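A note on names: the letters A, B, ... follow the listed sequences, proteins ahead of strands, and every chain is numbered from 1. Keep in mind that what you see is a predicted model, and the values were worked out from it rather than measured. Hydrogens, waters and symmetry mates are skipped; everything else that's a heavy atom, side chains included, is used.
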Amino acid sequence: MELPIKYDPSLTEDKWYSYWLKHKFFHSEPDEREPYTIVIPPPNVTGVLHMGHMLNNTIQDVLVRRARMLGKNACWVPGTDHASIATEAKVVAKLKSEGIEKSDLTREQFLEHAWEWRHKHGGIILEQLKKLGASCDWDRTKFTMDPELSQAVIDTFVYFYKHGLIYRGVRMVNWDPEGLTAVSDEEVIHKETDSKFYHLKYPISDGNGNKTGEYVIIATTRPETIMADAAVCIHPEDERYFHLKGKKVMIPLINKEIPIIEDDYVTIDFGTGCLKVTPAHDINDYEIGLRHNLPVIDIIDQHGKLNDKAQILVGEDRFVARKKIVKMLEEEGLLLKVEDYKSQVGYSERTNAVIEPRLSLQWFLKMDVLAKKALHYVENDDVKLIPDKFKNTYRHWMETAHDWCISRQLWWGQQIPAYYLPDGKVVVESSLEEAYKAAKEINPDIKIEDLRQDEDVLDTWFSSWLWPISVFDATIPGHPDKTPNKDLAYYYPTNDLITAPEILFFWVARMIMAGDTFMNEKPFRNVYLTGIVRDKLGRKMSKQLGNSPDPIKLMQEYGADGVRLGMLICSSAGNDILFDESQVEQGRNFSNKIWNAYRLVTGWQVADIEQSKEAAIAIEWFNNKLNKTIAVINDHFDKFRLSDSCMTIYKLFWDDFCAWYLEAIKPAYGAPIDRKSYDATIEIFDKLLKLLHPYMPFITEELWQNLQAREDGETIMLQMMPNAAEYDEKFIEDFELTQQAIVAIRALRQSKNISPKESLELKIKGAFNPELSSILEKLANISSVEVVSDLSQFTDGQILMVGTVEFFVPLAGMINVEEEIAKAKAEIERYKKFYNSVNAKLSNERFVANAPAAVVELERKKLSDAQTKIENLEKVIENLTK
RNA sequence: GGGAGCAUAGCUCAGUUGGUUUAGAGCAUCUGCCUUACAAGCAGAGGGUCGGCGGUUCGACUCCGUCUGCUCCCACCA
């Protein structure tokens, strides 16, 4: 069977993924083994795979596959998030393209469209994850709007409401007067906009509604809101306005008397230092209003037009009103001046309308107690953040957390289970029937159809914070006293959560709160925070910029294994990754390297002949090196240094296995290999594939299946990971010295233009392990190796120093004596400098007195080694000058 | 404006409580090779006063201060 020279992932990836699925290797059920659990951060149900998902899910898959191979009962629960805002926006846009406005539809009709959309597009992303090799337990796939998960959300709301943690309150929202909805902060785009700064004269009154003839100057960009003013505010330490303290002013045009108040929110040197306070139409003014108990006068309706509370210009659009009122003020002589001004104005992402800050009734969840508890888990490392630098950020947020606004003016999501009686009273129950029962307690005559459910839905995070619980047992949220089912009892708390730092607060902290409330236990032990995937220029990858490669295309071109390796090799925890296609190219090249090593090994003819010395040595060395490296890999994993672990295996395979081991045991062209070496090599290859499997699942399965005869139903996925057995450090060191000597000889050949085919002799002086001669002979093409005690008789050649061992290569007539002397002299100079610096250190009594003995000892060794080297070099010069 | 983080080779990053580091790796670069596994390869080589300044210490890439530059989070100025 002739194997192609290049590895073709398209021939293996789908094949093995189906095989894994067919045999249900990803599926987990509780048993007596130790569980290892990850719940996927559920991607938006209608989303498509982007590079961030690729990184995030590759990491999860590596951890899960490794855990499985360590004998744990690994369970990776997949699923999707209904993502109310994003999904609703997509559905609205789709309907619009068909000429349908959301406002033309009833809630039920709209939801029908939304579900249709979800069924059509939902799950695409999960299919894409399969291409990546994700070993999720697909039988457990969940959606945050599955009936039982939605019920869990409702029950949770009821639970917190009944425990007094959920309340209804007024809050300033970003109102879109065209879309007629509140939009979240994330959907507001701030743009620098040209506007005007109007300086207005407010008459000072005598307190009885009479003007005193004096004025105070106020600068504003929104003169149309003056009718909603509740006060004028000055800074308490602003000397210019001391005389105004306690006085009152009249609102121009409507002549309403309002107080002058003091608040250090005001910036003395901004504008006139005198601020009109309009609690209904500015978030900051609203807060000042709260502090000073000011009335809220709302003069703008939902369409952005002035209402009758404005008294004047009623029914006018806010921008028309602005122009008209300026004119009116000017006519009254109350407009002092108009300045051009640039300011950040918020626009609706969807309608591009100027956002109007508007007060509205919203539902809130009290955060103080929950945040304190959630902070505790992280503070004492019950939940570990990786890297731990995020602890600071986390603490800061938890200490300043304000109450969570959980209501959204949307339809796609879990509708708030608050039911209003005709008299405005409210009951909160987990179903209409329950609500009806409760309502009858208040009013026995009430009919079920009299109840009106709150129109709003809950924030998406209010459902996803239950995720680690509800994917296993959705009856527990809202009912902490119930006994968890078998799954939840077994898999919870989960082990690792892999997510992005930007949702540390939105999601991670809140899962901890929900876990504490309903399970009295953390939801996960470790939180591994990945960075943002950026392009080469450091820009965040985004659709708008078009700088994100299509992950599916990338996998087609480089193979899923190649992409996985490419992403992992450069991604440390918490750091952004600057993605460049050259990285996945490296991954693809590595796949090819593995493929070709396999081609070489399986192409050998095996014969019952004697094992060569160098093969025996190479096998011994590699097994030692392998054991040592496994220990390093395990250590990296324990510390979540995934890219380090990945690089370690990469080098083990490419450098140690391919460049050294295989070259050392490789029989001459056409010659067979002895059975002993062959078997040892297959065993080593088998171990390497297992070590590589978590990173590169497809190629490793393909090669493992073919390395030896396998039964149907066997898989590398479920093999035990090789252990870190003991190893002989001294032997590894001896081999390393030999490697360095070989490199030096090869470099010598290159500099002297000696072909690798021309064999050389070698004399060695120093601590060289003669067992390793055969390796030297084979890999440096040496005809004879002789260990001698004195090199002074050998003159016509070159001495190479590795550590303190000297390797003499006879090079009759090829040595330029003067050049070599000059080189040796330069070397001596270098070592003398070094010697002096070490010597200075050792002559420092305070160093010798204070430094640990081991450090001093080391310095002494450095000194004596340098001494030896200098002496050797001096001998070299002596020989050369003979 | 408040808070946090980062700065080490051309690029991406290690450097694990200050002393086996005369600062490492991968990629890229350069030189020589189509050597019968692999040119998606082989062999070899070069490249950094660890952002600047100051301090602590016998000893600083590592600790402290400060400056400069970048990033993120939060709040956004009437």
Span that lies between the P atom of B:G69 and that of B:A28, in whole angstrom: 34 Å
Applying the 5.5 Å / 30° rule, does A:Trp397 stack onto the base of B:C73? no
Taking the six-membered ring where the residue is Trp, are the ring centres of A:His199 and A:Phe197 under 6.0 Å apart? yes
Please work out if A:Cys233 contacts a base, only the sugar-phosphate, or nothing of the nucleic acid, heavy-atom cut-off 4.0 Å. nothing
Of the listed B:C76, B:A45, B:C38, the closest approach to the A:Val743 side chain comes from B:A45
OP1 or OP2 of B:G15 under 4.0 Å from side-chain N/O of A:Arg641: yes
Any side-chain donor paired with an acceptor under 3.5 Å for A:Tyr661 and A:Asp656? no
Is any side-chain N or O of A:Trp604 closer than 4.0 Å to OP1 or OP2 of B:U36? no
Can you find a side-chain donor-acceptor pair between A:Lys276 and A:Thr225 that sits under 3.5 Å? yes
Categorize A:Ala849 for me: base, sugar-phosphate, or nothing, with a 4.0 angstrom heavy-atom threshold over every strand shown. nothing
Of the nucleotides B:C38, B:G44, B:A25, which one has an atom closest to the side chain of A:Lys651? B:A25
Touch class at under 4.0 angstrom, heavy-atom based, for A:Pro756 against every strand present: nothing
Which part of the nucleic acid, if any, lies within reach of A:Ala747 when heavy atoms closer than 4.0 Å are counted: base, sugar-phosphate only, or nothing? sugar-phosphate
Side chain of A:Ala851 - closest among B:A39, B:A78, B:G19: B:G19
Among B:C38, B:U36, B:C77, the one nearest A:Tyr669 by side-chain distance: B:U36
Any side-chain N or O of A:Lys593 under 4.0 Å from OP1/OP2 of B:A37? no
A:Lys757 side chain near B:A43 phosphate (N/O to OP1/OP2, under 4.0 Å): no
Quickly work out the A:Ile503 CD1 to B:C72 P distance and round it to whole Å. 17 Å
What does B:C76 pair with, Watson-Crick or G-U, if both distances are under 3.5 Å? none
Does B:C27 have OP1 or OP2 sitting under 4.0 Å from an N or O in the side chain of A:Tyr650? yes
For atom CG of A:Leu568 and atom P of B:U12, their distance in whole Å: 19 Å
When you measure from the side chain of A:Asn392, which nucleotide among B:G5, B:C38, B:G19 comes out closest? B:G5
If only side-chain N and O atoms count, and only distance matters, is there a donor-acceptor pair under 3.5 Å linking A:Asp865 with A:Thr804? no
Can you tell which of B:C38, B:G5, B:G26 lies closest to the side chain of A:Asn596? B:C38
When both hydrogen-bonding distances must be under 3.5 Å and the geometry is Watson-Crick or G-U wobble, what is B:G5 paired with, if anything? B:C70
Scan every strand shown for a Watson-Crick or G-U wobble partner of B:G65, both distances under 3.5 Å, and answer none if you come up empty. B:C53
Below 4.0 angstrom from OP1 or OP2 of B:G41, is there any side-chain N or O of A:Asn589? yes
Quick check, are the ring centers of A:Tyr831 and A:Tyr835 under 6.0 angstrom apart? no
Among B:G19, B:U20, B:A37, which nucleotide sits nearest the side chain of A:Lys862? B:U20
Is the distance between the ring centroids of A:Phe685 and A:Phe657 less than 6.0 Å? yes
With the side chain of A:Arg588 defined as its heavy atoms from C-beta on, choose the nearest nucleotide among B:C38, B:A40, B:G5. B:A40
Donor/acceptor link under 3.5 angstrom from A:Arg830 side chain onto base of B:U22: no
A:Met647 CE to B:U12 P, in whole Å, measures 15 Å
Find which nucleotide of RNA chain B each of A:Ile569 and A:Ser643 is nearest to by heavy atoms, and output the residue with the more 5' nucleotide. A:Ser643
With nearest nucleotide decided by heavy atoms, which residue, A:Leu275 or A:Leu600, maps closer to the 5′ end of RNA chain B? A:Leu600
Could you state the CD-C1' distance from A:Glu663 to B:C33, rounded to the nearest angstrom? 14 Å
Will you find, in the side chains of A:Ser645 and A:Tyr695, an N or O donor that is under 3.5 Å from an N or O acceptor? yes
Please name the nucleotide paired to B:U12 by Watson-Crick or G-U wobble geometry with both distances under 3.5 Å, or report none. B:A25
Which one, B:A78, B:G19, B:U22, comes nearest to the side chain of A:Tyr831? B:U22
Ignoring the backbone of A:His396, work out which of B:U22, B:G41, B:G3 is nearest its side chain. B:G3
Under 4.0 Å: is that the gap between some side-chain N or O of A:Arg846 and OP1 or OP2 of B:C58? yes
Anything under 30° is parallel, anything over 60° is perpendicular, the rest tilted; go ahead and classify A:Trp507 against A:Trp461. tilted
